[in-house]
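First up is the structure itself, then whatever we jot down about it.
Only a predicted model underlies this, so the values are computations on that prediction, with no experimental measurement involved. Just so it is clear: chains get the letters A, B, ... in the order the sequence lines come, proteins before strands, and each one is counted from 1.
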Protein chains: 2
Amino acid sequence: MIDTKQKILDAAEQLIGDQGYAATSLRQVIAAAGVNLAAIHYHFGSKDELLHELLVRKAGPVNEKRVELLERYAAEADGAPLPIEKVLDAFFAPMVETADANPQFVRVMGRIVVEGLLPAVVQRSFQPMFSRFVTALRRAVPHISEEEFQWRIHFMTGVIAHTLCGVPGGNFQERIDRLIRFLAGGFHAPGVRGAER
Amino acid sequence: MIDTKQKILDAAEQLIGDQGYAATSLRQVIAAAGVNLAAIHYHFGSKDELLHELLVRKAGPVNEKRVELLERYAAEADGAPLPIEKVLDAFFAPMVETADANPQFVRVMGRIVVEGLLPAVVQRSFQPMFSRFVTALRRAVPHISEEEFQWRIHFMTGVIAHTLCGVPGGNFQERIDRLIRFLAGGFHAPGVRGAER
DNA sequence: GTCTATACTGAGATAGAC
DNA sequence: GTCTATCTCAGTATAGAC
């Protein structure tokens, strides 16, 4: 069958979203997909590569929409720096759409981040998209030092990671709104000790 | 030897801090500790229990200091709600001390959180300490709804997790200061859409 | 009580027949 | 392309030596 690959991907997405990546064995995947164990290594090479292909297939279109949206906002702003909330909106809105159409994939993404596998994924596939958002954020918070900014990017990554993996129940859009408010507050904070509060 | 247990704990701390919990095999631990494989299961029962004992041994004193510090601040404030920065300071200061004396353990904690093992640990050992800090934070941000507050606690957990696991190099105290500023900004953010930025 | 030797089960990976 | 058989290594369990 030519859709053996697809069956493996579908089964893997379901299981990894439910249980996490490490907790999902390839033997569970082949049982759910109804294929042979060696088929995974034939089509993907390894468990890691299976995950990677799962991610790029689904995340690719989302990342494209993110960049598109960011550029549209930038064009509308006519050269002025975008407010943080706008940048974050461009980042999350395409994911919210995806969450409606395919909630399981969002859960997979959350698992990936929480299990510490995101850096490798970003390095391989998300880098161009991510760089543009970092640039846009930098323009939104010129009041802090570069070092402080880099740390805030780091903090933001942690929050996003932790949040995506939350309970799937509840309104996803609402959760993202709360997240954006929190992150914007963090980025707007003064860069040095003093007048906070 | 009666310090077989200690040798196992020391070796495990080193390896888990460097590689993470999942990536560290018990066979690596026994090789580094110079003991027999079954000794681990004799003294601890399982890999999970080994981790748990490692955490409570080191984190116990830190958590006690945290509560002490929080109560001292509360006494000094004479019943008034503590500002967020003060609450977070009580939480992190004891960890900074620990980080100076034992940086490896801080890395272990970070690994734990990033690998998603923290909920179980908190449930078993950190609950009383954690509850008091949540209460103190709640008093510091009365302007948001309870649901919004719970989410911000969730966001905070994610940031802390992600940050502890960062590169060990650099000034830990400075990193914590940046973290506190960011978190305070997030907690101070308005609770509903409107006037932000 | 403490520890060693050894075996059991299930994981990911691989070679080679069809 | 697919499957069978097998390899290595993980965590775990137990029997028995000191």
Expressed in angstrom and rounded to an integer, what is the separation of L51(B) atom CG from dG11(D) atom P? 13 Å

Any donor-acceptor N/O pair under 3.5 Å between dG10(C) base and R27(A) side chain: no

Within this structure, what is the CG-to-P distance between L37(B) and dG16(D), rounded to whole angstrom? 19 Å

Find the distance N36(A):CG to dG12(C):P and express it as a whole number of Å. 14 Å

Using 30° and 60° as the class limits, which term best fits the ring planes of F187(A) and F182(B): parallel, tilted or perpendicular? perpendicular

K47(A) NZ to dG10(C) P: how many Å, rounded? 16 Å

Side-chain touch K65(A)/E97(A), heavy atoms, less than 4.5 angstrom: yes

Whole Å only: how far is the CD1 atom of I40(A) from the C1' atom of dC3(D)? 14 Å

How long is the line joining CD of Q28(A) and P of dG10(C), in whole Å? 12 Å

Separation of Q6(B) atom CD from dT2(C) atom P, in whole Å? 15 Å

Quick check: on DNA chain C, is the nucleotide nearest L26(A) upstream (toward 5') of the one nearest A38(A), or the reverse? Name the residue that is more 5'. L26(A)

Quick check: do V134(B) and F149(B) have side-chain heavy atoms less than 4.5 Å from each other? yes

Quick one: is H41(B) getting a side-chain N or O under 4.0 Å of the dC3(C) phosphate, OP1 or OP2? no

Side-chain N or O of T4(B) closer than 4.0 Å to phosphate OP1/OP2 of dT2(C): no

Any salt bridge between R152(A) and E148(A), counting N to O under 4.0 Å? yes

Protein-nucleotide distance (I30(B), atom CD1; dA10(D), atom C1'), rounded to Å: 12 Å

Please tell me if Y42(A) has a side-chain N or O lying less than 4.0 Å from either OP1 or OP2 of dT2(D). no

